Amino acid sequence: MITVSYSPGNLEWKWYAKWLENDLFRRKISPDKTAYTILIPPPNVTGILHMGHILNNTIQDVLIRRARQKNRSVFWIPGTDHAGISLQIKVEKELAKENKTRHDVGREAFLDLARKWREKHGNIILDQLKKLGVSCDWSALKYTFDPDYYRVVLATFVEWYRRGYIYRGSRLINWCPVSMTALSDEEVIMREQNSILYYVKYEIVEKPGTFITVATTRPETIMGDVAVAVYPADERYQDFIGLHCWRPILRESIPIIADEAVLKDFGTGALKITPAHDEVDFEIGQRHGLAAIGVIDKNGKLNHLAGPEFAGMDRFEARKRVGEYLKENGLLVKEENYVNNVGFSERANVPVEPMLSEQWFLKYPCVEEAKWAVQRGFICFRPERWEKTYTHWLDNIKDWCISRQLWWGHRIPVWYRKGTDRNEPQNWHVSVDGPEDPENWEQDEDVLDTWFSSAIWPLATLGWPDGGAMEEMGFDYFYPTADLVTGPDIIFFWVARMIMSGLSLLGDGEKALSDDEIRRRIPFRNVYFTGIIRDSIGRKMSKSLGNSPDPLDLIEQYGADGVRIGLLSMAPNGQDILFSEDRVAQGRKLCTKLWNSFRFRQQGGMEGDRSSLAAIVRRIDSSTLEVDDGAILGKLLGTMNEFERMMADYEFSRALQILHTFFWSDYCDWYIEISKMRTNETVWAVHDLILRQLLLLFHPFIPFVTEELWQGHGYGEKFLGEELLESGDELRCDLSRIDFGKMAEWIEEVERVRELVVAVRALRAQFGLASRRDVRFYFKADPLAKEIIDRHRRDIKYLLLTQFFDETAEALQLPTTVVALGSIYMDTGSLDMVEEKGRLGRELEQLDRLIEMNQKKLQDKDFLARAPQEIIGGARDLLAENIAKRKELEAVFSKLSSVS
RNA sequence: GGGCGGGUAGCUCAGUUGGUUAGAGCAACUGGUUUACACCCAGUAGGUCGCAGGUUCGAGUCCUGUCCCGCCCACCA
């Protein structure tokens, strides 16, 4: 038996603990079953649970629980990410409270602090996820900084280095002057800025008194200029190409060159070349063999190469001062306001500085195969459109700067022989364990980009590359994984890189891969991209706006079940989601309603075997089975089939809506109500059957309350989570004693009766008589319809709150409503004739419009000639129905007319 | 500059190869303690489907153009 009222707080933790106790989530390798694996997108150890996690993990849990219901061998691998730069910042902030920097405590002590921080806070988010009910196999928990994971990361580096994909080089990279590290292109976000475009005069060396003017937004880099470039065919500057000009600050002769990369229509068409601080300039410099002079330091301040006047000055201060200097010296032609795009560091939120720097790079492996895998559908993106984004990125891919000047991260496994030139590869040692004579070497100080370790998440979590570990984890059985659920914002950061990693690392050769080989190596078969959760007016949720609800508060208030189903119901397929707490409240209401429907059932007595589907079916006695019972069972089967179709397409919110409508409208509002009139064993068995199927269908979405009801209602020994789900067709076989040939007919019949009841309710509501019990009704129907009405007369009387529902032979002079089954007249005892005439008149008018429309269509020769038969037939039926209806109304109407 | 997504009831969204009178939930309004549930029940109202053309017997759905909103990518300094 279940308790009177539903309170999620009490029961949720109870069941989660029991599930864990009974090891329900642990993977099992069963050769006779198909494997189904999901990798959790590892949340950052620094993260706290937000709505995005809730959505993400709810979807994963739904998929996982459904896979269990379908007898798959399920493995959901949980884990966390060490969150490189993010955790480093947290620890540095704590140090800052004591007025210390990481350099004060030193590398080892700093790493200890970071580890301690993670031990203390790192698993909070996992505990929060448990509150949500996620059914991960916790015995497989991974952390990207686990010692074994750490080794895999290094092994990957070594392997790719060995294959020539990783190299060290001096390139122009994105430098963050606040975090003091290099960043990848993906970590730079472009922002519109109000800038000033300075037009600066450079005097021609060979022609004193003649100038070439360049336009720049970055005058503070003039000291690093090594040339001025123009478009080769630019007629304005033909005479200047090959000459020289004087750099206006730190006066020096620099060449005037021609390069196709210059846009002649921008500014003056002349471009100052500063290879150390601009990407285009760098490339031009390379083409022309120019040196690069870096005038900005890693902390964002100008260095000694900028000259004594500006050295030590912040780059933005220097910009202003250089501007003033140029003006004072008559070198500034003009300045104008200008809006341009500037790259910002994602984390520190300051403009990045393009800087020439020695870093480690990865030339991505298997780029073409990665494209192919998705194009050929070996990996299926949902929604499909993300394929384009993915392909476009791969088409324009550039080498990945993987080294970070941080301490918290996987340290690059490269050692340099002490006292030798680091630029010479023969002085390098690259291995996981380091050189055997460490005293003669010093290790590279840098660590790897966090995303480097994330890229091998599907491999490392399953034990790769260690044979023993792979066997223990069941690599061959569980890889490739089935579904990846993530946000489209990390399609480059993570998804694409995982695909390339899998393709590359699961083989050793670099030869072209066959389709079969690709299928074997891909890390997952489906990628489901969720929408991004926004607030109710479409803004991104953020801490600073304070528009993000605390998921734990929501769970507290509405229960994890309510939050889960509420969120899913508002999540259209792959579209952004406008969060509304209202929906979450509705989620809880659904749980409550489910609960209460069981309370209704239990008031009917708990006799009857419910321990299995077969047992319930046995209790159904065909001789007492009525049309209503058959109809609701038929609807259940239809609902199950449609639900399955939607779920197969990952259309969660639509699937839920179908289920919701069946449960609430068909089962509760109709079937429960009419079954109150007859309480025999067959009816209770039908209830047990429907409730049982509802629990199974709802369970992946609302696991806690369904488990409570399952156990409380005595549905079996096993946990609901262990029970298999029949398909609609399978259930149909189990119900083979029912005459399914008539099912469609039954459903149709019940629909007609419902139509009648609804129409009459509306009629009486219009007369303000909704709750009066003394209203009499009369009906006029043809023999076939009368048979139906007779069959349901008891239900109709009950639902219409009336004692009188009698047959009549003629149109009565009473308020009336006409439905497919016939005409219903309402005897109110007294009646405002004028009011009723007006009402009927309006209804007639509307019918006339419909009839006219229909007739027109059916008289259209083209329509008759070209439209398919069933459409024409449908139109004919509709017309006939409306004409009949009109005739009935007309009869009453004319009677009223004759009276007044 | 290129690409993607969206514009349907006051709000959030469905609408599946074009086909009967465009749907749901919420909000609004009216009425209701009928032996599961007021976290409920019953009912009412509300839409020229962004705009303009076109294809078609028939367009919310297909095509073209156009206007808004959002996102992603891009080396105009």
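Naming: A, B, ... by sequence-line order, numbering from 1 per chain. No experiment lies behind these values; they were computed from the predicted model shown.
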Quickly work out the A:F579 CZ to B:C13 C1' distance and round it to whole Å. 16 Å
Whole angstrom value for the distance that separates P of B:G2 from CZ of A:R385: 21 Å
Roughly how far apart, to the nearest Å, are B:C68 and B:U21 at atom C1'? 32 Å
Are A:R876 and B:U20 close enough that a side-chain N or O sits under 4.0 Å from OP1 or OP2? no
Could you state the CG-C1' distance from A:L801 to B:G31, rounded to the nearest angstrom? 12 Å
Whole Å only: how far is the CG atom of A:D278 from the P atom of B:C76? 10 Å
Distance in angstrom units between A:R534 CZ and B:U12 P, rounded: 13 Å
Interatomic distance, A:R583 CZ vs B:C13 P [rounded to whole Å]: 9 Å
Relative to A:F344, does A:R191 satisfy both conditions: NZ or CZ under 6.0 angstrom from the six-membered ring centre, and within 45 degrees of the ring's axis? yes
Euclidean distance for P, B:A22 against B:C26 (whole angstrom): 22 Å
pair_partner(B:G70), Watson-Crick or wobble, both distances < 3.5 Å, evaluates to B:C4
Does a side-chain N or O of A:Y338 approach OP1 or OP2 of B:A77 to a distance below 4.0 Å, or not? yes
Between A:K264 and A:W664, which is nearer to the 5' end of RNA chain B once each is assigned its nearest nucleotide? A:W664
Integer angstrom distance from the P of B:C76 to that of B:G70: 22 Å
With rounding to the closest Å, how many angstrom separate the P atoms on B:A24 and B:C41? 15 Å
Using whole Å, what does the distance between atom P of nucleotide B:C75 and atom CZ of A:R287 come to? 14 Å
Can you see if the side chain of A:K388 gets near the phosphate of B:C73 - specifically, an N or O under 4.0 Å from OP1 or OP2? no
Would you say A:Q603 places a side-chain N or O within less than 4.0 Å of OP1 or OP2 belonging to B:A36? yes
With a 4.0 Å limit, can you tell me whether A:K398 has a side-chain N or O closer than that to the phosphate oxygens OP1/OP2 of B:C75? yes
Please verify the inter-ring angle class for A:F600 with A:W684; under 30° counts as parallel, over 60° as perpendicular, anything in between as tilted. tilted
For the side chain of A:Q586, counting heavy atoms from C-beta on, which of B:A77, B:C26, B:C73 is nearest? B:C26
C1' atoms of B:G31 and B:U12, separation to the nearest Å: 27 Å
Could you give the CG-to-C1' distance, from A:D795 to B:U34, as a whole number of Å? 14 Å
Euclidean distance for C1', B:G19 against B:C37 (whole angstrom): 41 Å
With rounding to whole Å, what would you report as the distance between B:U61 and B:G25 at their C1' atoms? 23 Å
Taking N and O atoms by type only, does the side chain of A:K593 place a donor or acceptor under 3.5 Å from a partner on the base of B:C37? yes
